[in-house]
Q: 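First, the structure itself, so that you have it in front of you.
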Protein chains: 2
Amino acid sequence: MRGLGEGLVQKPLTVAEQVANVLRESIADGSLAAGTPLRQDDLAERFGFSRMPVRDALRQLEAEGIVSIHPTKGAHVARMDATEIREIFAVRELLESEALRLSVPNLTREKLDEAGHVLNQIDAEPNVGRWGTLNRIFHLALYSACGNARLLGLIEAHHNAADRYVRILLSSLNYRSQSQEEHRDLLTTCRHRDAAAAVRVLRKHLGDGMATLAQAGPTRKP
Amino acid sequence: MRGLGEGLVQKPLTVAEQVANVLRESIADGSLAAGTPLRQDDLAERFGFSRMPVRDALRQLEAEGIVSIHPTKGAHVARMDATEIREIFAVRELLESEALRLSVPNLTREKLDEAGHVLNQIDAEPNVGRWGTLNRIFHLALYSACGNARLLGLIEAHHNAADRYVRILLSSLNYRSQSQEEHRDLLTTCRHRDAAAAVRVLRKHLGDGMATLAQAGPTRKP
DNA sequence: AACCGTATACTCGTATACGAGAATCCACAT
DNA sequence: ATGTGGATTCTCGTATACGAGTATACGGTT
């Protein structure tokens, strides 16, 4: 939910935001596994700042659902059990289907080519950590013409929250080729301006991911 | 997006959260109009605490989208133009329709009666400020059996973000009776377990609200 | 009189400091 | 050996303090 609404105005980049960005990336690429405690002192020292910006960053990440904070007990990378993952995927399916449906008729040739380019990048990318980001860029490119900034913001937030699990899924199984195949199907239907078909492919894509993830072994709560 | 996920565990209530709650309420009921600057010093003095908890509270409210913060320039109650309001209502329609569809089959008699009771409370409530809260309680009661906590959290967040505009709408026009009529239709269809009809009524309800709001005169950005 | 530059005041972001609560560990008793 | 009680340590929440950036107001200049 970062930058909902007035995302246009240029704001000075505060230390807290930089810390938040680094942490978000580290969590997404798996460097910080679910459940990892996030001690304010440690982070402050590691980043070379005081605890205050770190606090702000943690609170922001909490709002994004990536970190959970218990007063007097500290913060840790949010853990998700199978139920929560299922919930996120259900919401993603809802949000992204709608965004895609709205976007397809308005997609420019440039956007479509851009999305296709990202797919090639994914094929060429050996680093699994980068994959999650590229995946998000591809999806958002297809939704970008939906004409609803808030909807896009919600989708991005849910990608951030779920990407690290998708990443696990991709690295452990040989799911990537199947995913890429679905991606290309998706792009093709978009090129044909067939919104209904595109939505069907997307639903299958997300459903497959969810099913594979559930099967791969759900992470449990402490 | 407050309390997404682990909303079950009991957490100590920190000062920052109390401040956030008071501010959220004040913004929702219109005491703090859109665009009102929120000075950290003022708030800290008014609440009798230091600026730190106030900062935390503001950041949380920013994440919820009802306050916007510009570093070095301060915070103010988020302004929404007609476009943003339209976006919020579109998202609400999407989220709430799905939640209602999922919830209707699982609604207990108790929940339905509870919702009906809230409608009577609304009829009896002279204070317009309270109306927004009751409205939210009614809607959430109907969605509560949807089985997706995250979805419910999103819906609540969007209510919080939009309620103050709905409130304006209700106080200025004589929209309340129409709204209540639609509410009762909604409850009736839910009692009959007719999810499709319920969703239709809900879509009309939200569409009407949106249309009336757009007509009533959109608020402009500074 | 209008405009521009400088100085002042204001507000925020960050750092440091202190006190409270929880968790842990050790000693002692059972 | 195990369980309980207390003290210590760790971490967080809040308060206070300082420095930087921005807006504003005033005075000088054209």
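In what follows, every heavy atom counts, from backbone to side chain, and hydrogens, waters and symmetry copies are set aside. Within every chain, numbering begins at 1; the chains are lettered A, B, ... in the order of the sequence lines, protein sequences first and strands thereafter.
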Q: Specify the residue among A:Met52 and B:Arg59 whose closest nucleotide of DNA chain C lies further upstream toward the 5′ end.
A: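 Looking at the nearest nucleotide for each, B:Arg59 comes out on the 5' side.
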
Q: Measure from the side chain of A:Arg51, starting at C-beta and using heavy atoms only, and say which of D:dA15, C:dA17, C:dG13 lies closest.
A: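 Among the listed nucleotides, the one closest to the side chain of A:Arg51 is C:dA17.
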
Q: Of the nucleotides C:dT14, D:dA15, D:dC12, which one has an atom closest to the side chain of A:Ser50?
A: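 Selected nucleotide: C:dT14.
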
Q: Check the distance between C:dA23's C1' and A:Arg39's CZ and give it to me in whole angstrom.
A: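 So the CZ-C1' distance, A:Arg39 to C:dA23, works out to 10 Å.
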
Q: Side chains of B:His183 and B:His205: is there a donor and an acceptor less than 3.5 Å apart?
A: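 Side-chain D/A pair, B:His183 to B:His205: present.
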
Q: Does a side chain donor of either B:Asn160 or B:Arg136 reach within less than 3.5 Å of an acceptor in the other side chain?
A: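 On atom types as modelled, these side chains qualify, holding a pair under 3.5 Å.
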
Q: Which listed nucleotide (D:dC12, D:dT22, C:dA15) is nearest to the side chain of A:Gln40?
A: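 Of all the options, the side chain of A:Gln40 is nearest to D:dC12.
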
Q: B:Pro71 has a side chain; which of D:dG13, D:dA15, C:dG13 sits nearest to it?
A: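 Among D:dG13, D:dA15, C:dG13, the one nearest the side chain of B:Pro71 is C:dG13.
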
Q: Report which part of the nucleic acid B:Leu38 touches: base, sugar-phosphate, or nothing (heavy-atom distance under 4.0 Å, all strands).
A: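 It contacts sugar-phosphate atoms only.
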
Q: Hey, is the side chain of B:Arg55 poking within less than 4.0 Å of OP1 or OP2 on C:dG13, counting only N and O atoms?
A: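 Answer yes for this pair, as a side-chain N or O of B:Arg55 is under 4.0 Å from OP1 or OP2.
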
Q: Tell me: NE2 of A:His76 to P of C:dA23, nearest whole Å?
A: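 Result: 14 Å.
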
Q: Can you check the A:Asp56 CG to D:dC12 P distance for me, whole Å?
A: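 It is 14 Å, rounded to the nearest whole Å.
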
Q: Can you find a heavy atom in the side chain of A:Leu100 that is under 4.5 Å from one in the side chain of A:Leu186?
A: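 Yes; the side chains approach each other to less than 4.5 Å.
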
Q: Identify which one of A:Glu96, A:Glu98, A:Arg101 satisfies the side-chain hydrogen bond (donor to acceptor under 3.5 Å, both in side chains) criterion when paired with A:Tyr143.
A: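 It is A:Glu96, the one option of A:Glu96, A:Glu98, A:Arg101 that forms the side-chain hydrogen bond (donor to acceptor under 3.5 Å, both in side chains) with A:Tyr143.
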
Q: Does B:Thr72 have a side-chain nitrogen or oxygen under 4.0 Å from the phosphate oxygens OP1 or OP2 of D:dA20?
A: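 It does not, given that no N or O in the side chain of B:Thr72 lies less than 4.0 Å from OP1 or OP2 of D:dA20.
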
Q: Using atom CD of A:Glu45 as one end and atom P of D:dC10 as the other, report the distance to the nearest whole Å.
A: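 For the pair A:Glu45 CD and D:dC10 P, the rounded distance is 14 Å.
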
Q: Distance check needed: D:dA23 P versus B:Lys73 NZ, whole Å only.
A: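 Rounded to the whole Å, the gap is 6 Å.
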
Q: Give the rounded distance in Å between these two atoms: CZ of A:Phe49 and C1' of C:dG13.
A: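 Answer to the nearest Å: 12 Å.
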
Q: Would you call A:Glu93-A:Arg203 a salt bridge at under 4.0 Å N-O?
A: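 A:Arg203 and A:Glu93: salt-bridged.
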
Q: To the nearest Å, how far apart are A:Phe47 CZ and C:dT14 C1'?
A: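 For the pair A:Phe47 CZ and C:dT14 C1', the rounded distance is 16 Å.
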
Q: What is the distance from CG of B:Asp41 to P of D:dA17, rounded to the nearest Å?
A: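 So the two atoms are 13 Å apart, to the nearest Å.
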
Q: Which of these nucleotides, C:dC12, C:dG13, C:dT16, is closest to any side-chain atom of A:Thr14?
A: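 From the listed options, C:dG13 comes nearest.
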
